[in-house]
There are 2 protein chains.
Amino acid sequence: MVTMSDIAKMAGVSQPTVSRVLNGKGAKARISPATQKRIKEIARELQFRPSFAGQALVSGRTKSIGFICGNIRNPYYTEMADIAMQAVEERGYHLLMGVARWVTWQNDLECFDSLLARGVDGVIYFGSALAPGRTQYEQVLREHYPLVSVNYRFPRIPSILSDAQPGMNEAFALLKANGHSRVLGVWLVQEEKHHPFVKAAKEFGFDAEFTTKFKSGSANRPDQSLQNMRREAHCFAERMDRPSAVFVTSDQYAAAFIGGLWDKGILVPRDVSVFAYDGTRAGEYMTPPLTSIRQDLPEMIHKALEIIFDRIDGKNTFDSDTTITLPTRLIVRESIGPAVDRRTGG
Amino acid sequence: MVTMSDIAKMAGVSQPTVSRVLNGKGAKARISPATQKRIKEIARELQFRPSFAGQALVSGRTKSIGFICGNIRNPYYTEMADIAMQAVEERGYHLLMGVARWVTWQNDLECFDSLLARGVDGVIYFGSALAPGRTQYEQVLREHYPLVSVNYRFPRIPSILSDAQPGMNEAFALLKANGHSRVLGVWLVQEEKHHPFVKAAKEFGFDAEFTTKFKSGSANRPDQSLQNMRREAHCFAERMDRPSAVFVTSDQYAAAFIGGLWDKGILVPRDVSVFAYDGTRAGEYMTPPLTSIRQDLPEMIHKALEIIFDRIDGKNTFDSDTTITLPTRLIVRESIGPAVDRRTGG
DNA sequence: TTGAAAGCGCTAACAA
DNA sequence: TTGTTAGCGCTTTCAA
């Protein structure tokens with residue numbers, strides 16, 4: 001490895017001089033043009049690369065942000081990560097992904113520990129385990145650690161949420177305009193989105209059912225729960241009295257549900273209308289293109305990073321209870337069509 | 001931040017003693033049980049975390065592996081990354097993703113530079129720009145840097161490839177069994193997979209066409225080229241003399257193609273059969289579930305990491321020209337069905 | 001305009 | 001069993 005001392009020796013100057021030249025801190029680097037040129041040339045020749053560890057040690061920063069999610073194969077998280085990566089890179093940072101895999105609820109926190117050990121300067125956290133009482137929670141508070149929770153609210157931890165209601169209302173309006181009056185909601189676990197769904201259903205006069213089949217824990221493994229969702233669709237397909245529309249809790253699971261319907265010869269939206277939550281770009285390439293309630297993914301990430309970098313820079317513009325709630329809206333694509341009510345033979 | 005010196009002071013011992021206790025290097029750490037206990041207790045109380053930068057500086061390693069790909073939203077890369085993440089974590093490493101975004105061909109190399117600046121200990125490289133003559137290429141050779149190229153062969157750089165032929169043959173056999181005799185192949189750019197396709201087509205007596213519509217460069221932006229693919233399907237849909245089967249160069253683009261067919265009311269596999277290359281798990285949740293030629297993603301990653309860690313450990317079991325070629329096989333799902341030949345009215 | 005010295009947190013070699 | 005010393009590569013005083 002080429003170090004500044006190597007360059008210094010070759011140039012016949014002291015090592016700090018090399019540092020000053022190569023970092024060129026404006027007016028501070030009052031080094032004679034001749035030496036500057038010489039040093040820069042040698043550095044280029046030797047292909048000098050500043051040692052990351054050296055810089056990190058002295059600066060106390062690793063210039064990296066952690067991104068903790070449960071499953072990178074879900075396009076929702078992939079798209080979030082992609083957006084986050086681009087955003088942090090603009091500030092010269094890297095994104096370090098932690099995939100909790102959500103087998104047990106603690107995986108989130110193990111991920112957090114592991115990223116902290118790696119010295120990330122801040123964390124975007126999509127987990128649900130950072131509750132008061134846990135050491136990691138206390139640590140975040142005590143150290144005023146730059147962490148933002150997304151999609152989940154913890155006391156005294158800045159968080160970014162989406163308000164499902166507006167998108168949900170739009171969806172029900174569209175459903176109604178298409179003659180639907182009965183709808184099934186499918187969740188993985190008890191979720192916040194439940195309430196906006198119920199509220200919209202009531203408001204638009206729908207007859208709403210819901211299932212929350214899957215428990216957290218080991219049944220949470222992505223492949224397995226996608227299969228479960230597919231089977232859920234099989235059951236649904238065979239019901240004589242099934243509703244004409246289905247809401248699925250996320251785009252990825254909607255794909256599995258639609259796949260399950262397809263297995264049984266049920267076409268969307270010809271036979272059943274389906275809509276989902278998330279509004280990922282990936283939904284555009286499902287068959288049919290998925291109508292979905294869109295969270296403002298870029299804005300969510302940008303706000304989260306704004307808070308994180310604000311803390312990193314010691315500005316403290318945002319207090320710990322900062323909660324930013326962003327509206328959702330319906331992305332109308334092709335998966336909602338005219339109601340086919342089996343009870344009335346329509 | 002809590003340092004070993006802090007602990008040392010509190011425990012009334014020297015700082016290296018703390019290091020010895022906390023790293024517990026087996027027989028080397030011959031420290032009295034009493035001191036050990038005391039130190040460990042204080043460490044726990046103070047929530048000591050070893051400084052990543054400190055360790056990195058002295059060990060010369062960051063315990064991280066770079067992963068360079070063009071677009072993380074493509075499930076092929078997502079799944080690869082997921083596998084790689086899990087594998088490196090088992091060795092106590094982290095995966096640092098570099099997303100080149102492939103706007104211009106150099107993006108690959110910029111990514112590599114950026115990861116090197118972070119001090120990654122090795123790199124899994126999915127790019128195509130690391131050619132002889134480029135400074136990065138020369139550097140890898142000169143420093144014997146632990147880099148493995150996947151899906152692309154560069155002289156004197158270890159690489160992992162897939163042999164498309166066996167899977168392609170299986171696909172054509174299945175096509176033939178379903179009465180197909182005409183097939184279209186759709187590529188993004190000139191690719192290696194072209195030859196196995198042509199070869200299999202000839203061997204099975206197919207009438208094969210191919211299009212390679214998109215150029216590399218700015219048209220390479222993922223969203224744009226997916227749209228292009230969709231439009232390609234629109235054109236295809238309107239042809240009176242279209243072949244009964246289509247091969248698309250990757251699962252993700254197959255989704256776009258199938259979406260384009262859907263736009264025109266053409267159903268897969270009812271009206272047209274489609275198969276693709278990659279064999280991602282994501283294909284299972286497309287509608288219809290995608291029949292695809294599967295690369296052995298886990299094995300590719302595991303082999304790549306084997307070579308990388310081998311170099312990191314200084315073992316040099318593999319020479320620079322190591323090329324591991326893994327076979328492919330056909331994952332039969334639902335997107336290939338009986339031929340519908342429009343010329344014969346079948 | 002430059003150099004000398006100190007120190008970031010850690011590990012490792014050598015003493016004691 | 002433990003302490004002392006040195007040094008990883010860098011930045012940042014403080015002097016000159």
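Owing to the predicted nature of the structure, the values given are computational and were not obtained by experimental measurement. Residue numbers start from 1 in every chain, and the chains themselves are labelled A, B, ... in the order their sequence lines are given, proteins ahead of strands. Every heavy atom of this structure was used, including side-chain atoms; hydrogens, water molecules and symmetry mates were not.
Shown here are the side chain to side chain donor-acceptor pair (under 3.5 Å) partners of B:S320, two or more places apart in sequence or in another chain: B:R311. Here A:R38 pairs with nothing under the salt bridge (Lys or Arg N to Asp or Glu O under 4.0 Å) rule; sequence neighbours left out. Remark: B:Q106 engages B:T104, B:E110 in a side-chain contact (heavy atoms from CB on, under 4.5 Å) (not counting sequence neighbours). For A:E89, the salt bridge (Lys or Arg N to Asp or Glu O under 4.0 Å) test picks out no residue, with sequence neighbours left out. Residues passing the salt bridge (Lys or Arg N to Asp or Glu O under 4.0 Å) test with A:D313 are A:R91, A:K315, sequence neighbours excluded. Every residue two or more places apart in sequence or in another chain that forms a side-chain contact (heavy atoms from CB on, under 4.5 Å) with B:S162 is listed here: B:Y277, B:Q295, B:M300, B:T328. Qualifying side-chain contact (heavy atoms from CB on, under 4.5 Å) partners for B:K63, counting only residues two or more places apart in sequence or in other chains: B:Y93.
Here the P atom of nucleotide D:dT1 and the CD1 atom of B:I39 are 13 Å apart, to the nearest Å. Atom-to-atom, CZ of B:R38 to C1' of D:dT2 comes out at 12 Å; the value is rounded to the nearest Å. Distance, B:D6 CG to C:dC8 P: 10 Å, rounded to whole Å. Going from atom CE of A:M4 over to atom P of D:dG9 covers 12 Å, rounded to whole Å. A:R61 places its CZ atom 17 Å from the P atom of C:dC8, with the value rounded to the nearest Å. Distance NZ (A:K37) to P (C:dT1): 18 Å, rounded to an integer number of Å. The distance from atom CG of B:L22 to atom C1' of D:dT2 is 15 Å, rounded to the nearest whole Å.
Residues from residues 44-58 of chain A placing a heavy atom under 4.0 Å of any atom in DNA chain C, listed by number, are A:L57, A:V58.
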What N/O pairs connect the protein and nucleotides 3-6 of chain C at under 3.5 Å? Give each pair on its own line.
residue	atom	partner	partner atom	Å
C:dG3	OP2	A:S14	N	2.9
C:dG3	OP2	A:S14	OG	3.1
C:dG3	OP2	A:T17	OG1	2.6
C:dG3	N7	A:R20	NH2	2.6
C:dG3	O6	A:R20	NH1	3.0

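Within the structure, every pair that satisfies the salt bridge (Lys or Arg N to Asp or Glu O under 4.0 Å) test and touches residues 64-84 of chain A, not counting sequence neighbours, is listed here: A:R73-B:E79, A:R73-B:D82, A:E79-B:R73, A:D82-B:R73, A:D82-B:R101. Among residues at least two apart or in separate chains, salt bridge (Lys or Arg N to Asp or Glu O under 4.0 Å) pairs with a member in residues 49-60 of chain A are A:R49-B:D113.
Between B:T35 and D:dT2, a side-chain N or O to OP1/OP2 separation shorter than 4.0 Å is present. Taking 4.0 angstrom as the limit, A:T3 places none of its side-chain polar atoms (N or O) nearer than this to OP1 or OP2 of D:dC8.
Counting only N and O atoms by type, the side chains of B:S64 and A:R118 include a donor and acceptor under 3.5 Å apart.
Aromatic ring pairs are classed by plane angle as parallel below 30°, tilted from 30° to 60° and perpendicular above 60°; the pair B:F154 and B:Y125 is tilted.
For the helix from C:dT1-D:dA16 to C:dA16-D:dT1, the rotation axes defined at the first and last 5 base pairs enclose an angle of 40°, given to the nearest 10°.
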